[in-house]
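Following: one structure in structure tokens, then a few remarks.
Keep in mind that this is a model prediction, so the values were computed, not measured. Values reported hereafter were calculated over all heavy atoms of this structure, with side chains retained and with hydrogens, waters and symmetry mates removed.
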Amino acid sequence: MTAAPEREVLTWSGFGDACRDLARVILADGFVPEVVVAIARGGLLPAGAIAYGLGVKNCGAINVEFYTGIGTVLDAPELLPPELDMSYLEGRRVLLVDDVADSGRTLDLAVRLLAERGAVVRSAVIYTKPTTIIRPDYSFKDTSLWIDFPWSAAGTVVEEDAGAEGSA
């Protein structure tokens, strides 16, 4: 019998703690964002929770696809519609949020895009991996393990339904 590989498991309670801790660190650093931008999809929930913790109501999302499955990626990250109104961000303090900086290529692309549009960008993630090409400004924890996030660990309902149909 082979032991399952060790994983970093984030619970819903741990997620709440991580986001509040990140909000505290960001404020203690003196960065007061005017806008919180999530990198969809993984950054949507952390961005919302951190925005609440910071008292920021102005939120948006940038849609970037890089991972197409577990361990499978595109050659380069790609922007997907709908597009964020980048002109609004010019001159504003923007906190860019994602769940993890793994390769860092998605985070790097998003930081560069926002900065090119004149935003004053800082980045925050829950987890940073040693493989990242860009170090986020704020990170809750460093890990080299595969991460089970509470919102994705069980897979999709579509996959669940497909399995049920196949077993009928």
Checklist entry - Counting only heavy atoms not in Arg117, do more than 12 fall under 6.0 Å of its CZ? => result no

Checklist entry - Atom OG1 in Thr106, atom CG in Asp99: separation rounded to 0.5 Å? => result 9.5 Å

Checklist entry - Do Asn63 and Pro81 have side chains that get closer than 4.5 Å, going by heavy atoms? => result no

Checklist entry - So, do Val56 and Val35 sit near enough that their side-chain heavy atoms are less than 4.5 Å apart? => result no

Checklist entry - Run the side-chain contact (heavy atoms from CB on, under 4.5 Å) check on Asp142 and Arg135 step by step: do they pass? => result CA-CA 11 Å; Asp142 289 359; Arg135 181 81 190 171; 3.2 Å; yes

Item to check | Closest heavy-atom pair and its distance - Ile26, Pro33 | outcome: CG2-CD, 4.4 Å

Checklist outcome for this item: Nearest heavy-atom approach of Thr128 to Ser139 is OG1-OG, 2.7 Å

Next on the checklist: Is there a path of hydrophobic side-chain contacts, each under 4.5 Å between heavy atoms, that joins Ile126 and Ile50?
Outcome noted: yes

Next on the checklist: Using side-chain contact (heavy atoms from CB on, under 4.5 Å), reason through Leu84 and Leu114 one step at a time and then give a plain yes or no.
Outcome noted: CA-CA 10 Å; Leu84 179 66; Leu114 298 179; 4.3 Å; yes

Checklist entry - Under 4.5 Å between any side-chain heavy atoms of Pro46 and Phe15, yes or no? => result yes

Next on the checklist: I'd like to know whether Val100 forms a side-chain contact (heavy atoms from CB on, under 4.5 Å) with Val125, so could you lay out the CA-CA distance, the side-chain angles of the two residues, the decisive distance to 0.1 Å, and finally the verdict.
Outcome noted: CA-CA 5 Å; Val100 60; Val125 299; 5.7 Å; no

Checklist outcome for this item: Between Ala153 and Asp148, the two heavy atoms sitting closest are CB-CB, 4.0 Å

Next on the checklist: Are Leu107 and Tyr127 connected into the same hydrophobic cluster when the rule is that any two of I, L, V, M, F, W, Y join if their side-chain heavy atoms are below 4.5 Å apart?
Outcome noted: no

Next on the checklist: Would you say Val36 ends up clustered with Tyr52 if hydrophobic residues are merged whenever their side chains have heavy atoms under 4.5 Å apart, either directly or through other cluster members?
Outcome noted: no

Item to check | salt bridge (Lys or Arg N to Asp or Glu O under 4.0 Å) against Arg93, all qualifying residues, sequence neighbours excluded | outcome: Glu34

Checklist entry - Does the side-chain contact (heavy atoms from CB on, under 4.5 Å) test come out yes or no for Arg105 and Asp108, once each step is laid out? => result CA-CA 5 Å; Arg105 291 174 64 191; Asp108 183 56; 5.6 Å; no

Checklist entry - Relative to the ring of Trp12, is the ring of Trp151 parallel (under 30°), tilted (30 to 60°) or perpendicular (over 60°)? => result tilted

Checklist outcome for this item: All heavy atoms of Phe149 vs all of Leu10, minimum pair found to be CD2-CD2, 3.9 Å

Checklist entry - Any idea which heavy atoms bring Ala110 and Ile39 closest together, and the distance? => result CB-CD1, 3.7 Å

Next on the checklist: Check for me, please, whether Val32 and Val97 land in the same ILVMFWY cluster - side-chain distances under 4.5 Å, paths through other members count.
Outcome noted: yes

Next on the checklist: Same cluster or not: Leu145 versus Val9, using hydrophobic residues (I, L, V, M, F, W, Y) connected whenever any side-chain heavy atoms lie under 4.5 Å apart?
Outcome noted: no

Checklist outcome for this item: Between Gly43 and Asp98 the two heavy atoms that sit nearest each other are N-OD1, 3.3 Å

Item to check | Presence of salt bridge, Asp21 and Arg24, under 4.0 angstrom | outcome: yes

Item to check | Heavy-atom side-chain contact between Ser123 and Asp137 under 4.5 Å | outcome: yes

